[in-house]
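The next block holds one structure in the form of structure tokens; read it before the comments.
Just follow the structure's listing: the first ligand is 1, and inside any ligand the first atom is 1.
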Amino acid sequence: MDTKSYDTAREAYALLGIDTDAVIDRLAAIPISIHCWQGDDVGGFERPGATLSGGGIQATGNHPGKARSIEELRSDLEQVFSLVPGPHRLNLHASYGEFGGEFVDRDMIEAKHFAGWVEWARKLGVGIDFNGTFFSHPLADSGYTLASKDPAIRRFWIEHAKRCRAISAWIGEQLGSPCILNTWIPDGAKDLTVDKIGYRQILKDSLDEIFSTPYSADHMRDAIETKLFGIGSEAFVVGSHEFYMNYAARNNKMLCIDMGHFHTEEDISDKLSSILLFQDEVLLHVSRSLHWDSDHVVLFTDRVRNVAEELVRSGKLEQVHIGLDYFDASINRVGAWSTGARSMRKALLFALLQPQQKLVELEESGSGYAKMGLLEALHTMPFGAVWNRYCERFSAPDDLAIIDSVAAYEQKTLKERA
Ligand code: RNT
Ligand code: ZN
């Protein structure tokens, strides 16, 4: 342990009135929900060799080592949990149930199919969040699910959504921690759409029916994910930001804000203070989009830092559910998974190590340059030493050591899957 670097950093931050030990303690209590789907390219385990199809989302790349079974996925997840410093949750998709070799369609899933995950999570002391799977299915091929004008298709997906809520409530009760259920549907159209309001009316009606069953907020909470466009739904997405923002406000639901679901120049961080002023909670899908909603691995970028800073500055950090949403199949998946989660944590640490009160004072007194100068100075503070100390606290490797840890796991475990 390099105590000297940390001591120097602690003193440097103390001069700004920041207690690095207290910041480390605060970050150490914030869970991040780690998505199951980076490990197998969003394939799921409904059928052997299942792959992602439709839905306008894509996992690209062919790096060896993809998890081929729930056992392999759990082994990889345990590896990720050990490489990421912090309390974890698991974010599970409905298509990752344990169906015991039988095909169980989405409108037939039950809590028992997720009992193995609950046992595993209990053993590791992690909570579980959940997602309905409204893609990679023949009844999603028309491009519409909950907003479908075909009553049979719509009924099928309503049943799926209802079962996901019941399963989530059961999971939350089992683990003693509310399960956040995110509903994202791909519904939309490639080109000119005439009856937009008709589809949106149907989606509204479907959601009303789905949400008509009450569940305790101690067991489960609903989030609804907005989106701008997808591949194949360039012209129209039923569940747009305005649609869900209004629905959430009226019906007391949580919004899910995915960083890849807006115009590329839109500043996602700027939305949070508006949402959190009117809503108690929000779910984030932290992601990195390059030119489109490409779901690249999250890195310690300006955008991610801006989001983290807004969570801290709004005073609502503890009310926000932080989830991850990226999937890169072109590099070592365990490394991709871990670095993405670590980058979000790093951004939170960076945001917490700021003299918030001082910055507000400078702003209020019209000292614009001093505020800018101080913010700029934070970039060359000895931040790395505090990050390393934080990693040590969880016995996680630092940013250089993780490269070897990932390589060793690849050598030992992933290579054999070729
Ligand atoms: C798709 C949404 C959604 C999915 C996951 C797999 O654009 O972001 O959250 O990525 O459900
Ligand atoms: Zn998402």
- Message: Holding to ring pair (Phe, Tyr, Trp, His ring centres under 6.0 Å), I want the full list of residues that pass it with Phe156, two or more places apart in sequence or in another chain.
- Response: His137
- Is a side-chain donor or acceptor of Arg154 paired with a backbone partner of Thr145 at a separation under 3.5 angstrom? no
- Quick one: which of His321, Lys316, Gln319 gives a side-chain hydrogen bond (donor to acceptor under 3.5 Å, both in side chains) with Glu281? His321
- Task: Report the member of His93, Gln38, His261 with the shortest heavy-atom distance to atom 6 (C) of ligand 1.
- Result: His93
- Message: Considering non-hydrogen atoms of the protein only, which is the closest contact for atom 9 (O) of ligand 1, and what is the distance?
- Response: Glu225 OE1, 2.7 Å
- Query: In ligand 1, which numbered atoms sit nearer than 4.0 Å to a non-hydrogen atom of Asp258?
  - Reply: 8 (O)
- Between Asp325 and ligand 1, does any nitrogen or oxygen pair lie at a separation below 3.5 Å? yes
- Query: Does an N or O from His285, backbone or side chain, lie closer than 3.5 Å to an N or O of ligand 1?
  - Reply: yes
- Query: Is it true that Arg163 and Glu159 make a salt bridge, defined as a side-chain N closer than 4.0 Å to a carboxylate O?
  - Reply: yes
- Task: Give the contacting part of Lys227 toward ligand 1: side chain, backbone, both or neither, where contact means a heavy-atom distance below 4.0 Å.
- Result: side chain
- Report, as yes or no, whether the 6.0 Å neighbourhood of atom CG on Leu277 holds more than 12 heavy atoms from other residues, nucleotides or ligands. yes
- Message: I'd like to know whether ligand 1 has Asn131 as a neighbour, heavy-atom separation below 4.0 Å.
- Response: no
- Note on the structure: Within the 2.8 Å cut-off the protein N, O or S neighbours of the Zn ion (ligand 2) are Glu225 OE2, Asp258 OD2, His285 ND1, Asp325 OD2
- Of the side chain and backbone of Asp293, name the one, both, or neither that has a heavy atom under 4.0 Å from an atom of ligand 1. side chain
- Query: Any idea which heavy atoms bring Ala169 and His219 closest together, and the distance?
  - Reply: O-CB, 3.5 Å
- Query: Counting each atom of ligand 1 from 1 as listed, which ones have a heavy atom of Ile57 under 4.0 Å away?
  - Reply: 1 (C), 7 (O)
- Query: Got more than 12 heavy atoms from elsewhere within 6.0 Å of CZ, Arg47?
  - Reply: no
- Message: With heavy-atom distances below 4.5 Å as the criterion, would you say the side chains of Leu255 and Lys271 are in contact?
- Response: no
- Task: Report the C-alpha separation of His35 and Tyr326 in whole Å, then their side-chain angles, then the decisive distance to 0.1 Å, and conclude whether the ring pair (Phe, Tyr, Trp, His ring centres under 6.0 Å) test is met.
- Result: CA-CA 8 Å; His35 53 315; Tyr326 49 85; 4.5 Å; yes
- Query: Taking atom CG of Asn251 as the centre, does the number of heavy atoms from other residues, nucleotides or ligands within less than 6.0 Å exceed 12?
  - Reply: yes
